[in-house]
Amino acid sequence: APDLSEAQGAAAEVLRGARIDEDDEIRYDLTLEIRPVGSEPFTVLHRCRALRCKQAERDAPTTISALVDAPTRTWAVIHD
């Protein structure tokens with residue numbers, strides 16, 4: 001698992017989302033722009049089945065919460 005011991009809260013803007021139907025499962029692919037405080041933003045792909053991400057996919061563009069270690073660009077979505 002990634003080390004997020006030095007991580008800080010950051011806004012992750014959902015640039016676009018897609019619902020992916022795979023056999024008997026549904027997942028949501030979210031393209032996020034993570035904006036660490038004091039660092040350059042960067043774009044990542046988040047794949048998830050959580051209800052919060054389903055809502056974000058439907059509401060894009062929107063913002064969700066994330067943790068980020070800016071120097072290593074290690075990140076995690078906060079599923080609240």
Side-chain angles (χ1 to χ4, degrees):
D3 179 11
L4 289 171
S5 60
E6 300 295 320
Q8 298 180 349
E13 183 178 350
V14 180
L15 301 176
R16 62 190 156 277
R19 176 186 160 130
I20 308 297
D21 293 308
E22 294 181 326
D23 298 322
D24 60 346
E25 290 187 332
I26 298 172
R27 78 166 195 261
Y28 303 93
D29 285 4
L30 304 177
T31 302
L32 307 175
E33 182 178 75
I34 298 180
R35 300 177 182 167
V37 175
S39 296
E40 291 294 315
F42 58 96
T43 303
V44 298
L45 176 63
H46 174 62
R47 292 186 168 155
C48 193
R49 293 180 185 93
L51 178 61
R52 175 67 185 102
C53 293
K54 174 183 177 181
Q55 293 167 336
E57 180 268 332
R58 196 175 356 176
D59 296 342
T62 189
T63 301
I64 58 177
S65 299
L67 290 175
V68 63
D69 179 55
T72 64
R73 292 191 169 193
T74 304
W75 59 275
V77 169
I78 299 172
H79 295 98
D80 46 6

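Separation of atoms SG (Cys53) and CG (Leu32) is listed at 8.0 Å; rounding is to 0.5 Å. Residue Ile26 holds its CD1 atom at 7.0 Å from NZ of Lys54, rounded to the nearest 0.5 Å. Atom-to-atom distance recorded for Leu30:CG and Leu45:CG is 8.0 Å, nearest 0.5 angstrom.
In this structure the side chain of Gln8 never reaches within 4.5 angstrom of the side chain of Pro36, judged on heavy atoms.
Applying the salt bridge (Lys or Arg N to Asp or Glu O under 4.0 Å) test to Glu25 and every residue at least two apart in sequence or in another chain returns Arg49. Scanning for salt bridge (Lys or Arg N to Asp or Glu O under 4.0 Å) contacts around Arg27 gives Glu22, Asp29, with sequence neighbours left out.
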With a 3.5 Å cut-off and sequence neighbours excluded, list the donor-acceptor pairs that the side chains of residues 13-21 form with protein atoms.
from: Glu13; atom 1: OE1; to: Arg35; atom 2: NH2; distance (Å): 2.2
from: Arg19; atom 1: NE; to: Asp21; atom 2: OD1; distance (Å): 3.4
from: Arg19; atom 1: NH2; to: Asp21; atom 2: OD1; distance (Å): 3.4

Contacts table for residues 55-67: side-chain donor-acceptor under 3.5 angstrom, sequence neighbours left out:
none

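A tilted orientation is assigned to the rings of His46 and His79, their planes being inclined by 30° to 60°.
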